[in-house]
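Below is one structure; the comments refer to it alone.
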Amino acid sequence: MSISGAHPRPPLQDSARPSARVLRLLGRVAIHIALVGLGITWLIPSLGLFITSWRPPADIAASGWWTSLFRPAYTIGNYLQVLTAQGFGRSFVNSLLITVPSTVLPVMLGALAGYAFAWLRFRGRDTLFLIVIALLIIPLEATWVPVLRMFNDPVGYFKLDWVPFLSDIDVRLTGSFLGIWLAHTGYGLPFAIYLLRNFFISLPRELFESARIDGASNFAIFARIALPLSVPALASLTIFQFMWVWNDLMNALILLQDVTKRPLTVSIQALIGSYGAEWHLLAAGAFITMSVPLLVFFALQRYFVRGITAGAIKG
Amino acid sequence: MSRGERGWGAWVFLLPALLLVSLFLVLPIFQTIWLSLHGGTGFTPTQFLGLQNYVQLFTRDSYFLNLDEWPPSGAMINNVLWLLLFTSGTVSLGLLIAVLADRVRYEPLIKAVIFVPMVISATATSVIFRFVYSPDPTIGVVNAVLTAILPDLEPVAWLGRTSLVNIALIGAGIWIWTGLAMTVLSAAYKSLDREVLEAAAVDGASAWQTFWRITLPMMILPIGVVAVTMVINALKMLDLVLVMTQGGPRNASRTIAFTMFWEVFNNSRAGYGSAVAVILLILVAPIILFQIRRFRSEEALR
């Protein structure tokens, strides 16, 4: 039975109504308490480290970070020390040098391949795409040893020692930026292809058919129709891949065994190993690592959430 | 299907991507399987062992699987713990926040706060949680709160006790990934048919009943998708463990992926570590089949 608000209510309900209202009020209060409590719980870990990164080392050892909220005494010294003496300035540059090409390459190559999977016909297309989906989930652990063997000795790995000129020179990709760019591209491509193929295929078919009737080449259709219409998808993918590479520890640790080329994540990991309890350095170092992703997040939240949500299962 | 024209043109688009994917993913996987059947130190396999690496992992490596004592222990068991607690923790908290935040005006703010850990590297998260869990009550906020409430309590070394370390690590994992579960489930919740929920309220169902009898059954599909994502994350768990505990104390927090990394890069046992990687591959195989099936049914609807 539907009871609209205008109808007079039966008298029996009148006695129940005040308590129902109290219950509903209590429910609303409980929702606020739960949400604010969860929010504070989620905020405190990073907030504590952030405040610590601005406190003098002596204060960190003497009192909890929460006490400094009432007696503020902050310094930029930890950041200066970690950037110069601990080489985080260099690492920051390395992180950028690693991340930018490792983002541009897979997005470009992924767009090309994604377009082919969406709008071109070739033998084995559906099977190949199922392989791409499978590779999305493959743990990278299953590739590291062979990839490192390939990087340590590419000539031997591809059995090219018989080429006279190649056997004389020492080509190694281990510890080179080129090596890690290629690796991140290979690892990032399945997701790039998957995401962009699914986006391209959602575009209206008539666009492509009429362009083809007008005699446009495949590449012209790709560059002048598909790409310009896909800016939101390309933005989400670019941000996702950028964050993934910027935050990557394992691949840099394994494939880039060169102290001078360390990105920020590897420098932090090394700092934990050598200075287990130097909280002023660790805190400042961690926030230098986090600064770029946080800026990107707050500037481009919409694309960001979309990219990360779509790519959460990668590698 | 008849999209586009047939010809060689497509391969020009595909070739660079296929080449790199083959070089870094497809070929290495087969080589890893081959390596897992070999022994020797370093990266060059010296002898063919057949399945001996696997036999040793399951029967004689107590860090990997120890069923001789109760409770059982080892990396496999730790991953089961990750699978259960991490998946249920992220999905239930994500769902709770998605549903509750829908009713308040500060929804965007609370969602941003919960999502931010997704943005941070696992390395930075490890620093944050080494700090949170520190046994020193002037550093670690967990111990500071506990000792403030219970003054007699000895500060707890969350990452230093074999009985607590996995729970502490899983807690950090939940802190990271709840934001993802919340985002996906919130989108699903907002797309539910409002009329059904309102009809339930008009019929006198309490909010609690509406949630369990109507909302939850209607959201079973997105919940499943999120749970699968979290299962994959739990199976692959490596960087948090490596940076926070290095598998310790006394190897109590090893995971399968950590064991692979440690055996290969710390103990120089490429063959043995490769066998661990193959076990990981076998464990994700059902999920791969599930995703392929899901993709096919989505394509059929297109």
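A, B, ... follow the sequence lines: proteins, then strands. Residue 1 opens every chain.
Scanning all heavy atoms of the two residues, the minimum distance from B/A17 to A/A113 falls at CB-CB, 3.8 Å. Of all the heavy atoms in B/I110 and A/G39, the pair that sits closest is CD1-CA, 3.8 Å. What you find for B/F131 and A/T52 is that their closest heavy atoms are CZ-OG1, 2.9 Å. The heavy-atom pair separating A/L294 from B/V119 by the smallest distance is N-CG1, 4.0 Å. For the residue pair A/P45 and B/W175, the shortest heavy atom distance occurs at CG-NE1, 3.8 Å. Minimum heavy-atom separation, B/I292 to A/A134: CD1-CB, 4.5 Å.
Heavy atoms closer than 4.5 Å to chain B are found in the side chain of A/R28, but not in its backbone. With a threshold of 4.5 angstrom between heavy atoms, A/F287 does not approach chain B through any atom at all. Both the backbone and the side chain of A/L182 come within less than 4.5 Å of a heavy atom of chain B. For A/L253, the part lying under 4.5 angstrom from a heavy atom of chain B is the side chain only. Of the atoms belonging to A/A111, not a single heavy atom falls under 4.5 Å from chain B. Heavy atoms closer than 4.5 Å to chain A are found nowhere in B/L109, neither backbone nor side chain. With a threshold of 4.5 angstrom between heavy atoms, A/W66 approaches chain B through side-chain atoms but not through N, CA, C or O. The contact between B/L96 and chain A is made entirely by side chain atoms (from C-beta outward), counting heavy-atom distances below 4.5 Å. Only the side chain of A/A34 comes within contact range of chain B, with at least one heavy atom under 4.5 Å from a heavy atom of that chain. Interface remark: B/F129 contributes side-chain atoms only to the contact with chain A (heavy atom separation under 4.5 Å). In this structure, chain B has a heavy atom under 4.5 Å from the backbone of A/S63, while its side chain stays farther away. Contacts between A/T289 and chain B at a heavy-atom distance below 4.5 Å involve the side chain alone, from C-beta outward. Of the atoms belonging to A/M150, it is side-chain heavy atoms, and not backbone ones, that fall under 4.5 Å from chain B. Only the side chain of A/F129 has a heavy atom closer than 4.5 Å to any heavy atom of chain B. In this structure, the portions of A/I60 lying under 4.5 Å from any heavy atom of chain B include both its backbone and its side chain. Only the side chain of B/P117 has a heavy atom closer than 4.5 Å to any heavy atom of chain A. Residue contact with chain B, scored on non-hydrogen atoms closer than 4.5 Å, is absent for A/L264. Interface remark: A/T67 contributes no atoms to any contact with chain B (heavy atom separation under 4.5 Å). Interface residue B/L18: only side-chain heavy atoms are found under 4.5 Å from chain A.
Chosen from B/V127, B/L281, B/V132, the residue pairing most often with chain A at heavy-atom distances under 4.5 Å is B/V127. In terms of heavy-atom pairs under 4.5 angstrom with chain A, the leader among B/V141, B/D239, B/V276 is B/V141. Your options are B/L35, B/T32, B/L235, and the one with the most heavy-atom pairs under 4.5 Å with chain A is B/T32. Highest contact tally toward chain A, considering only B/L238, B/V264, B/I287, is held by B/L238 [criterion: heavy-atom pairs under 4.5 Å]. Contact count versus chain A (heavy atoms, under 4.5 Å) is highest, among B/A199, B/P28, B/S126, for B/P28. When the candidates A/W65, A/W246, A/F208, A/F50 are compared by the number of heavy-atom contacts under 4.5 Å with chain B, A/W65 comes out ahead. The candidate from B/L242, B/L15, B/V184 with the greatest count of non-hydrogen atom pairs under 4.5 Å with chain A is B/L242. Annotation: maximal heavy-atom pairing with chain B below 4.5 Å, among A/I254, A/V296, A/D248, occurs at A/I254.
In this structure, the side chains of A/V132 and B/F295 stay at 4.5 Å or more apart for every pair of heavy atoms. Side-chain contact between B/I128 and A/M290 is present, with heavy atoms from C-beta onward closer than 4.5 Å. Put simply, the side chain of A/W144 reaches to within 4.5 Å of the side chain of B/M260, judged on heavy atoms. Between A/L35 and B/E107, every side-chain heavy-atom pair lies at or beyond the 4.5 Å cut-off. Side-chain contact between B/I120 and A/P293 is absent, with no heavy-atom pair separated by less than 4.5 Å. With a 4.5 Å cut-off on side-chain heavy atoms, A/F117 and B/L14 count as touching. Side-chain atoms of B/I288 and A/I133, non-hydrogen and from C-beta on, never get closer than 4.5 Å to each other. Looking at A/P190 and B/V21, their side chains come closer than 4.5 Å, going by heavy atoms from C-beta outward.
One finds the CG atom of A/L38 at 11.0 Å from the CE atom of B/M182 (value rounded to the nearest 0.5 Å). Atom OG1 in B/T123 sits 12.0 Å away from atom CG in A/L271 (nearest 0.5 Å). How far CG of B/L23 is from OG1 of A/T185: 11.5 Å, rounded to the nearest 0.5 Å. Atom CD1 in A/I138 sits 4.0 Å away from atom CD1 in B/I29 (nearest 0.5 Å). One finds the OG1 atom of B/T138 at 11.0 Å from the CH2 atom of A/W279 (value rounded to the nearest 0.5 Å). Here the OG1-CD1 distance, from A/T41 to B/I114, works out to 8.0 Å after rounding to the nearest 0.5 Å.
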B/M118 and A/F297: CA distance, side-chain angles, deciding distance, side chain to side chain contact (heavy atoms under 4.5 Å, CB included) verdict: CA-CA 10 Å; B/M118 280 295 295; A/F297 173 64; over 6 Å; no
A/H184 vs B/F24, ring-ring contact (aromatic ring centres under 6.0 Å, His included): CA-CA, chis, key distance, verdict: CA-CA 9 Å; A/H184 274 305; B/F24 285 96; 9.8 Å; no
Side chain to side chain contact (heavy atoms under 4.5 Å, CB included) assessment of A/T265 paired with B/V243: CA-CA 10 Å; A/T265 46; B/V243 186; over 6 Å; no
Candidate pair B/F265 and A/M250, rule side chain to side chain contact (heavy atoms under 4.5 Å, CB included), full reasoning: CA-CA 11 Å; B/F265 297 100; A/M250 298 315 300; over 6 Å; no
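Remark: B/F30 CZ is loosely packed, at most 12 non-hydrogen atoms of other residues, nucleotides or ligands lying under 6.0 Å away. Few gaps surround OH on B/Y106; more than 12 heavy atoms of other groups in view lie less than 6.0 Å from it.
Not a single donor-acceptor pair under 3.5 Å links the side chain of B/R103 to the backbone N or O of A/H32. Of the possible donor and acceptor atoms, one in the side chain of B/K236 sits under 3.5 Å from a partner among the backbone N and O of A/I137.
Screening A/L140, A/V147, A/L189 against B/L25 for a side-chain contact (heavy atoms from CB on, under 4.5 Å) leaves a single residue, A/L140.
The pair A/R197-B/E299 meets the salt-bridge criterion, since a charged nitrogen lies less than 4.0 angstrom from a carboxylate oxygen.
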